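Predicted, not measured: the structure shown is a model, and the values here were computed from it. Each ligand, and each atom within it, is numbered from 1 in the order the structure gives.
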Amino acid sequence: MTKLKRRYACSSCGSVSHRWQGQCADCGEWNTLSEDVPETVFSAKHHLTRGGQSITFEPLDAPGAPLQRRSTGLAEFDRALGGGLVPGSAILMGGDPGIGKSTLLLQAAALVARSGGEVIYISGEEAAGQVRLRAERLGLAGAPVRFAAATSVRDILTTLGSMTPPALLVIDSIQTMHSDQIEGAPGTVSQVRGCAFELIRYAKENGAALVLVGHVTKDGSIAGPRVLEHMVDVVMSFEGERSHQYRILRSLKNRFGPVDEIGVFAMASEGLEEVSNPSMLFLSGRDEPVAGSAVFPAMEGTRPVLVEIQALIVRLASGATPRRAVVGWDSGRLAMLLAVLEARCGLNFSSAEVYLNVAGGYRLVDPAADLAVAAALVSALADKPLAAGAVWFGEVSLAGEIRAVAHAAIRQREAAKLGFTDACGPLDGNGADSSGKDKAIRYRPLAQLPNLVDRILAEA
Ligand code: TYD
Ligand code: MG
């Protein structure tokens, strides 16, 4: 028998080391290593080549039951899930504290229960009284949700074992659960992994859709241990700025559907309201054009969303190192775009502070945002507002070319619908329908970044 060696796992990235260290050698996080219990100890004497049961193979086209999804009662939630809850699947829901995860799940739980599904909601974070108060506020107190405040996975699974399996089981949150089989405090890697494993097994065996709420670490990755992301079928993140009303539900991994659809909600005093037409949300609605602001028709899955990008450039007199601050976009991408503008267009940002902000707390992931960001930067630098009624889209290459992007036609159609009159994009991006069905939008192609600079400087 091999001697059991102590080992330590990082609660941030899940990597294992055999020595305790203050800093994880893999991800560089501090104070994340804690003792971990290995599940198996390999020994040369125990080959796995005999002694097991034989498994049966099945054809892939076996006439099984079709995937029966169940609606969460919230169309935006269903959309982000790729069409609703799949029985027997495990969903990990991450998001910053206070963003509205518990609210969203309580609403979904109540709606599923009202539509006749058995729902169990276990909270390890809030007492029954607190949840009851919230349910009352949401007008959902009458829904037949079975609620319990519990943290012991043994208690939970023992209770569930003597009941008909629920359609939906919510565990809020996985970091508060603990198993008496595993050493360590709740929230440690081995506890989180062990508890999730048992709960997921229950869900799979009993056809229950399981939602695990997970906390988010400082760097924004879900639920400390990355291991959880591999164990579940769907990873979702609930995003937004707490100071803004809008919340976006994004799926980052989905074994049963696409990952590019988002659900959009607005946090109101009666809970989360669905926003089924989000295309106007992230525009500031100003009448007067200001320098440094550009409108970008973004795509979220199959839906266009118009987003305002704001840039501010402050010239520094002294030789101090200028700041670059970005909210809602990738800072590496901004650095690249600034470098291309300097190298290909002769603009000088090196002695200026650059601030970039995406309005409404929205986080841009669409690569077609480059041209709109460049337009906002050039407009801010020249202190010249962009032409009113224009939208900008296209990817910028290191050579300064403006490259074609997907869904050019949908982007233009949506902009036209909202009253925009000009679309500036790549050379071959004009896919707008000219049959007269849509309101006309003038397409103004741009080949290179210098053309963009010329156009902005030439216009009023
Ligand atoms: P919560 O669902 O508790 O967040 P999480 O579970 O992600 O930590 O949401 C808490 C926030 O939502 C809180 O700051 C108050 C706000 N809120 C509303 O604005 N309206 C409501 O109806 C509810 C229930 C919460
Ligand atoms: Mg909560």
Side-chain angles (χ1 to χ4, degrees), residues 72-74 76-77 80-81 90-114 119-143 145-151 153 156 168-178 186-187 192 195-196 199 210-224 228-229 232 234-252 262-275 278 281 360-363:
T72 58
L74 294 163
E76 292 294 305
F77 197 167
L81 279 168
I91 299 159
L92 175 64
M93 166 95 63
D96 289 335
I99 208 71
K101 300 180 294 296
S102 303
T103 307
L104 176 69
L105 291 170
L106 189 63
Q107 284 180 244
L111 292 168
V112 171
R114 278 195 180 150
V119 179
I120 293 181
Y121 192 114
I122 309 278
S123 177
E125 309 213 323
E126 290 162 298
Q130 277 173 288
V131 176
R132 209 173 292 130
L133 266 180
R134 176 181 293 149
E136 250 160 51
R137 183 134 75 95
L138 300 174
L140 298 169
V145 174
R146 284 168 183 261
F147 173 83
T151 55
V153 173
I156 295 168
L168 173 62
L169 170 61
V170 179
I171 303 288
D172 186 0
S173 66
I174 188 65
Q175 275 91 358
T176 55
M177 296 295 134
H178 84 97
V192 166
C195 294
L199 289 162
L210 169 69
V211 180
L212 301 172
V213 174
H215 291 302
V216 164
T217 53
K218 275 179 274 134
D219 64 352
S221 67
I222 285 185
L228 223 46
E229 296 182 12
V232 297
V234 181
V235 178
M236 308 192 94
S237 101
F238 202 36
E239 306 170 348
E241 296 263 320
R242 237 171 312 163
S243 51
H244 288 99
Q245 193 188 3
Y246 298 108
R247 302 283 183 269
I248 290 170
L249 185 61
R250 220 178 262 285
S251 87
L252 307 175
I262 59 166
V264 184
F265 298 88
M267 181 62 93
S269 55
E270 310 78 41
L272 291 157
E273 284 165 5
E274 297 185 73
V275 179
L281 290 189
Y362 187 85
R363 189 169 61 84

Are any of the side-chain nitrogens in E239 or R247 under 4.0 Å away from the carboxylate oxygens of its partner?
no
Would you call E270 and R137 a salt bridge, using N to O less than 4.0 angstrom?
no
For R132, enumerate each residue passing the side-chain hydrogen bond (donor to acceptor under 3.5 Å, both in side chains) test, keeping only those at least two apart in sequence or located in another chain.
none
What pairs with A266 under side-chain contact (heavy atoms from CB on, under 4.5 Å), at least two apart in sequence or on another chain?
Q245, Y246, V275
As a test of reading the model: which N/O atoms of the protein lie under 3.5 Å from N/O atoms of ligand 1, and at what distance?
from     : atom 1 : to   : atom 2 : distance (Å)
ligand 1 : 2 (O)  : S102 : N      : 3.2
ligand 1 : 2 (O)  : T103 : N      : 2.8
ligand 1 : 2 (O)  : T103 : OG1    : 2.6
ligand 1 : 3 (O)  : R134 : NH2    : 2.8
ligand 1 : 4 (O)  : G100 : N      : 3.1
ligand 1 : 6 (O)  : S102 : N      : 2.9
ligand 1 : 6 (O)  : S102 : OG     : 2.6
ligand 1 : 7 (O)  : I99  : N      : 3.4
ligand 1 : 7 (O)  : G100 : N      : 3.0
ligand 1 : 7 (O)  : K101 : N      : 2.8
ligand 1 : 7 (O)  : K101 : NZ     : 2.9
ligand 1 : 8 (O)  : G98  : N      : 2.7
ligand 1 : 20 (N) : A268 : O      : 2.8
ligand 1 : 22 (O) : S269 : O      : 3.0
ligand 1 : 22 (O) : G271 : N      : 2.8

Which protein N, O or S atoms lie under 2.8 Å from the Mg ion (ligand 2)?
S102 OG
Nearest-0.5 Å distance, CD of residue E274 to CZ of residue F265:
5.5 Å
Please report the C-alpha distance between E125 and S102 in whole Å, then the side-chain angles of each, then the deciding distance to 0.1 Å, and finally whether the side chain to side chain donor-acceptor pair (under 3.5 Å) criterion is met.
CA-CA 10 Å; E125 309 213 323; S102 303; 5.3 Å; no
Find out whether I122 and D172 are in side-chain contact, i.e. whether some heavy atom of one side chain is under 4.5 Å from a heavy atom of the other.
no
Please examine the side chains of L105 and M93, heavy atoms only from C-beta on, and report whether any two atoms are closer than 4.5 Å.
yes
Please check if the number of heavy atoms outside R114 that lie under 6.0 Å from its CZ is greater than 12.
yes
